[in-house]
Number of protein chains: 2
Amino acid sequence: MKKVLIIGGVAGGASAAARARRLSEDAEIIMFERGEYVSFANCGLPYHIGGDITQRSALVLQTPESFKARFNVDVRVMNEVTCINRQAKSVTVKNLLNGTEYDESYDVLLLSPGAAPIVPPIPGIDNPLTHSLRNIPDMDRIIQTIQMNNVEHATVVGGGFIGLEMMESLHQLGIKTTLLELAQQVMTPIDREMAGFAHVEIRQKGIDLRLSTALSAVEYLPQTHIESDAAGEDTAHRHIAGHLALSLSNGETLKTDMLIMAIGVKPETSLARAAGLDIGELGGIHTNEMMQTSDPAIYAVGDAVEDKDFVTGQQTLVPLAGPANRQGRMAADNMFGRNETYQGTQGTAICKIFDLAVASTGKNEQQLQRANIAYQKVYVHTASHASYYPGAEIVSFKLLFAPSSGKILGAQAVGKDGIDKRIDVMAVAQRAGMTVEQLQHLELTYAPPFGSAKDVINQAAFVANNLLKGDLMAIHFDEVDNLTDDQLLLDVRNPGELKNGGYIEGAVNIPVDELRDRMDELPKDKEIVIYCQVGLRGNVAYRQLVNCGYKARNLIGGYRTYKFAKA
Amino acid sequence: MKKVLIIGGVAGGASAAARARRLSEDAEIIMFERGEYVSFANCGLPYHIGGDITQRSALVLQTPESFKARFNVDVRVMNEVTCINRQAKSVTVKNLLNGTEYDESYDVLLLSPGAAPIVPPIPGIDNPLTHSLRNIPDMDRIIQTIQMNNVEHATVVGGGFIGLEMMESLHQLGIKTTLLELAQQVMTPIDREMAGFAHVEIRQKGIDLRLSTALSAVEYLPQTHIESDAAGEDTAHRHIAGHLALSLSNGETLKTDMLIMAIGVKPETSLARAAGLDIGELGGIHTNEMMQTSDPAIYAVGDAVEDKDFVTGQQTLVPLAGPANRQGRMAADNMFGRNETYQGTQGTAICKIFDLAVASTGKNEQQLQRANIAYQKVYVHTASHASYYPGAEIVSFKLLFAPSSGKILGAQAVGKDGIDKRIDVMAVAQRAGMTVEQLQHLELTYAPPFGSAKDVINQAAFVANNLLKGDLMAIHFDEVDNLTDDQLLLDVRNPGELKNGGYIEGAVNIPVDELRDRMDELPKDKEIVIYCQVGLRGNVAYRQLVNCGYKARNLIGGYRTYKFAKA
């Protein structure tokens with residue numbers, strides 16, 4: 001009879017416990033959770049704060065009792081493992097309810113402690129109006145602060161998943177919200193120019209978005225009232241619990257009623273470190289592909305471990321629920337003598353930002369550059385389904401691929417419809433080792449309400465293959481502001497589009513449909529840098545010019561990519 | 001200077017013309033279309049009839065003038081090619097506007113004539129109130145009949161894509177609608193039991209759905225009035241153009257104001273046949289994988305040609321827009337000396353049926369049986385995104401795979417949300433040659449509004465792998481009504497679920513969470529046939545019983561699959 005101990009009762013731990021029981025009816029399985037809750041919907045926490053998920057109870061997926069009844073797992077909440085005694089194959093546990101300590105032996109141990117929010121040592125950060133969001137008690141505290149402190153203005157620090165979701169939730173409650181982000185962009189899994197779409201959406205919704213701005217100090221002003229100009233307050237009102245004065249890296253100050261710290265998470269490794277288990281260079285628990293730590297009797301999964309990156313093969317930290325759940329299941333398999341191997345992490349992720357979805361899989365440009373991986377890129381902007389059918393929205397899509405092999409390196413998409421679908425398609429294609437040549441042939445669902453006969457992905461693949469085959473010479477959005485005297489910028493859109501939507505300084509305008517007749521207006525000794533709205537007409541013009549002996553380039557993704565890159 | 005003639009100006013032909021021009025500025029390109037319109041949105045026709053697409057002009061994507069301006073293609077509408085003179089490398093063309101005939105020579109010729117609606121020789125079918133829907137004039141005639149004949153009841157024959165879309169459009173106009181289908185199900189790309197979900201939706205919306213029912217005769221009753229009982233008419237009303245009396249295969253009669261024939265299409269091969277080009281066994285034009293017919297100077301694409309089936313390698317007829325468009329582009333490439341090969345057709349398809357989407361890729365059970373391909377199957381029913389986030393809907397998903405290799409053979413999905421996405425994922429995975437083992441590792445987008453940490457596809461893969469590894473012994477929905485005395489049927493749901501949602505006759509009920517304590521109520525000498533609502537709790541119970549020495553099977557897809565299979 002095998003005795004399995006599991007530390008951490010959320011995604012990875014709970015998956016492992018359930019799977020372990022299905023594999024063995026007579027194993028003894030004990031799951032320790034230092035918090036009050038197991039198997040809660042941590043990804044749902046912001047949405048309960050914002051009111052989308054009305055019932056708090058909907059977030060508690062399992063209780064110790066339900067886990068016991070269904071899986072015969074001994075779930076011990078409010079029991080914190082304080083020490084792993086590898087020699088003795090036991091753990092020391094502190095019962096947080098009554099303060100007692102006890103040892104529990106194991107045959108195999110699973111670590112699923114997760115990752116903790118990073119709260120940097122900013123002066124004054126430790127105050128009752130500053131919160132981070134990891135679990136249900138955190139959520140309860142935030143809700144309580146909103147209510148008790150009559151929060152009219154909140155500040156979120158960090159434009160990652162949780163920061164963005166909190167921003168939206170607070171906004172939804174009618175709270176004026178400032179989002180501070182140290183980087184030049186929110187959502188760093190996508191590249192800067194793609195984040196521009198998110199910036200526009202965030203600002204349009206009335207959020208005070210401040211990029212390249214850090215929080216440098218916090219002052220807690222209890223029970224007093226100071227008008228918050230930033231929040232647009234013009235009449236006096238009293239706070240119950242007080243107020244914060246934030247000092248920002250740009251010298252500005254900001255008054256706010258609540259502060260949410262969401263700059264990121266770090267793996268919980270204290271137990272593993274103390275037990276002498278190998279820790280990776282990135283600070284996560286090291287495991288082999290069977291999710292086994294440097295001690296073969298101890299497995300580790302989820303946000304606390306380093307994964308192998310699917311694209312680069314390097315170690316990576318990806319605190320996401322999908323990998324955690326699958327790793328938990330797999331670790332249980334291996335504890336019971338199977339040989340399941342984790343196949344690497346792509347980092348596939350998605351975030352709802354108001355009406356937009358922003359998603360990505362694989363690596364972005366910055367990451368590829370850091371890993372010294374050569375890449376090419378294309379952008380397409382095309383309708384989420386047949387444009388003549390109601391409800392179509394533009395999918396803005398970026399594809400990164402290897403110039404030599406055509407292998408897919410990464411994909412990013414932003415838009416109001418069909419974003420999850422396109423990135424899922426790319427995540428599968430990438431995991432299957434497909435090339436952009438093969439992507440052309442994808443046969444995806446098409447009927448007017450759902451797609452297009454040539455889907456976004458097919459179209460991106462066509463452009464990528466045009467590049468690889470030399471049918472297209474590209475220029476990118478960040479190059480067109482710095483043309484030389486040997487280049488001429490040609491806008492092939494209709495004059496009305498330039499007038500209403502803007503254009504790139506210095507462009508000559510010849511609509512694509514007039515180009516054949518007006519080609520002699522263009523100099524043959526200059527390189528013609530063509531652009532249109534999204535790149536499609538530009539390509540038609542490009543082929544015309546090149547087939548007539550001109551030198552030319554086409555702006556990939558067109559004016560739309562150029563414009564939003566600056567947003 | 002190459003001279004390219006293209007016969008047919010819709011999906012494949014128009015794609016080929018545009019691509020050909022991008023490849024060569026000096027080629028002469030002439031596109032013949034016997035109808036009035038080129039490059040129209042044929043997939044959108046039913047949606048204009050139903051009013052979703054309000055502007056008729058939205059369906060006309062290109063005109064001869066716009067094609068000329070952008071691509072310098074000489075588009076000749078109302079010009080019908082009547083003969084291909086292969087020796088002379090020319091075609092004979094009849095100008096339908098003035099009746100004149102002329103010859104046009106070619107270097108390469110592309111056939112993209114499409115497929116025509118099948119109208120069987122049913123007595124009386126040739127009448128002014130019977131229509132099929134292929135092009136814009138057909139659509140105009142249907143709209144005219146609806147208006148002129150004051151149509152209150154319509155009958156659609158055929159439950160395929162066009163039939164279902166027409167059914168929905170007519171219903172949306174407030175017209176009482178009967179759908180006649182010869183088979184036991186609508187949407188034959190999916191299997192009968194999955195079609196049950198569609199049948200329920202269709203009937204719930206008030207459609208008079210009659211399966212296993214053929215139309216045997218039609219009588220046209222001009223300008224008289226007879227009450228239509230089937231349409232629920234109880235007061236007299238006068239028709240402008242008359243009325244139809246339909247005789248059905250079951251001996252019943254049906255009075256209706258309009259008849260839409262949508263039983264399928266057949267490839268247009270008359271020109272190809274007359275020219276002596278090879279025709280395949282299924283009646284489509286035969287091409288090699290470069291889309292070249294038996295005459296190397298003649299290419300053919302789209303609904304008129306036979307494709308190679310991606311799964312079986314056999315010839316197939318798949319009249320869908322996606323393949324047609326990609327084949328057109330590819331044919332143009334090859335005309336200009338490239339070497340692009342078509343990679344086979346999976347038949348990926350989707351249809352909106354009121355609030356449902358029904359989609360599939362690859363082969364269904366009937367097709368696999370016909371092709372003598374061994375398969376296993378699993379069903380899962382799970383939420384389209386995190387169930388605690390608003391708007392989640394059940395995705396009912398079927399996965400077919402090879403027992404030996406685990407290769408994906410086909411997938412089917414039905415539901416109100418996320419159906420296109422799941423079938424797209426499967427279409428990519430299948431095309432990439434993935435196995436169900438690999439499917440487990442898919443890393444798909446997850447945030448509560450978009451997915452689940454273990455997506456539908458991951459879950460289906462888990463079940464499939466449980467089967468392949470012997471962790472699960474399956475029983476299917478069509479076997480549980482015929483259990484032997486050596487089997488015992490066990491319902492592991494909660495009593496309330498049986499009471500409110502029904503159950504399978506003869507089942508013993510022990511809720512899964514009580515099973516551990518009540519296991520001794522079950523006989524060890526019988527095989528325990530377990531079921532729950534969708535199969536998940538059944539699997540927990542199955543593992544418990546088997547690990548305790550019982551013989552057992554679990555109903556894959558649970559009671560939900562069983563119940564809807566009968567619908």
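Ring geometry for B/F71 against B/F67 counts as tilted: the plane angle lies between 30° and 60°, on a 0 to 90° scale.
Residues of residues 353-361 of chain B placed with any heavy atom under 4.5 Å of a heavy atom in chain A are listed by number as B/A357, B/A359.
For a residue to count as touching a neighbouring chain, one of its non-hydrogen atoms must lie under 4.5 Å from one of that chain's; by this rule A/K352 touches chain B with backbone and side chain alike. Looking at A/Q544, both its backbone and its side chain come within 4.5 Å of chain B, counting heavy atoms on both sides. With a 4.5 Å cut-off on non-hydrogen atoms, A/N466 touches chain B through its side chain but not through its backbone. Heavy atoms closer than 4.5 Å to chain B are found nowhere in A/S57, neither backbone nor side chain. Proximity to chain B is limited to the side chain of A/R537, based on heavy atoms less than 4.5 angstrom apart. Looking at B/Y47, only its side chain comes within 4.5 Å of chain A, counting heavy atoms on both sides. Neither the backbone nor the side chain of A/Q55 comes within contact range of chain B; no heavy atom of the residue lies under 4.5 Å from a heavy atom of that chain.
The choice from A/P511, A/P390, A/A427 that makes the most heavy-atom pairs within less than 4.5 Å of chain B is A/P390. Listed options B/Q440, B/R22, B/K454 were ranked by heavy-atom pairs under 4.5 angstrom with chain A; first place goes to B/R22. Among the candidates A/L439, A/D455, A/L442, A/D26, the residue making the largest number of heavy-atom pairs closer than 4.5 Å to chain B is A/L442. With chain A as partner, the option from B/C548, B/A432, B/C43 having the largest number of non-hydrogen pairs under 4.5 angstrom is B/C43. Interface remark: of the candidates A/L59, A/D471, A/N539, A/D471 forms the most heavy-atom pairs closer than 4.5 Å to chain B. Contacts with chain A were tallied for B/A11, B/A41, B/A447, B/A18; B/A41 has the most, counting heavy-atom pairs under 4.5 Å. Counting heavy-atom pairs under 4.5 Å between each of A/Q430, A/E340, A/M426, A/R329 and chain B puts A/R329 at the top. Note on A/F462, A/Y446, A/F310, A/F161: by heavy-atom pairs under 4.5 Å with chain B, the leading option is A/F462. Contacts with chain A were tallied for B/C351, B/G347, B/G433; B/G347 has the most, counting heavy-atom pairs under 4.5 Å. The greatest number of non-hydrogen atom pairs below 4.5 Å with chain B, out of A/T345, A/D517, A/I423, A/N458, is found for A/T345. Chain A forms the most heavy-atom pairs under 4.5 Å with one residue out of B/I457, B/N325, B/T348, B/V546, and that residue is B/T348.
B/A541 meets the side-chain contact (heavy atoms from CB on, under 4.5 Å) test with B/V492, B/V512, B/L515, B/I530; sequence neighbours excluded. Qualifying side chain to side chain donor-acceptor pair (under 3.5 Å) partners for B/R70, counting only residues two or more places apart in sequence or in other chains: A/D513. Under the rule for a salt bridge (charged side-chain N to carboxylate O under 4.0 Å, His left out), B/E165 has no partner lying at least two apart in sequence or in another chain.
For A/N72 (side chain) and A/K68 (main-chain N/O), no donor-acceptor pair under 3.5 Å exists by modelled atom type. For B/Q62 (side chain) and B/V60 (main-chain N/O), no donor-acceptor pair under 3.5 Å exists by modelled atom type. Remark: the backbone N or O of B/T63 is paired with a side-chain donor or acceptor of B/S66 at under 3.5 angstrom. Remark: side-chain polar atoms of A/R21 are paired, donor with acceptor, to backbone N or O of A/S24 under 3.5 angstrom. The backbone N or O of B/A383 lies less than 3.5 Å from no partner atom in the side chain of B/S387, so there is not a single donor-acceptor pair. Side-chain atoms of B/H385 come within 3.5 Å of backbone atoms of B/Y389 as a donor-acceptor pair (strictly under, hydrogens ignored).
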Original post:
Do A/M330 and B/H441 pass the side chain to side chain contact (heavy atoms under 4.5 Å, CB included) test, and can you show the C-alpha distance, the side-chain angles, and the key distance before you say yes or no?
Top reply: CA-CA 10 Å; A/M330 206 169 281; B/H441 300 287; 3.5 Å; yes
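A pairwise comparison of heavy atoms in B/L61 and A/Y388 identifies CD2-CD2, 4.1 Å as the closest pair.
For the 3.5 Å distance criterion, the side chains of A/K421 and B/T445 fail to qualify, holding no donor opposite an acceptor. Side-chain atoms of A/R431 and A/Q346 include a donor-acceptor pair closer than 3.5 Å.
In this structure, A/L23 places its CG atom where more than 12 heavy-atom neighbours from other residues, nucleotides or ligands lie under 6.0 Å away.
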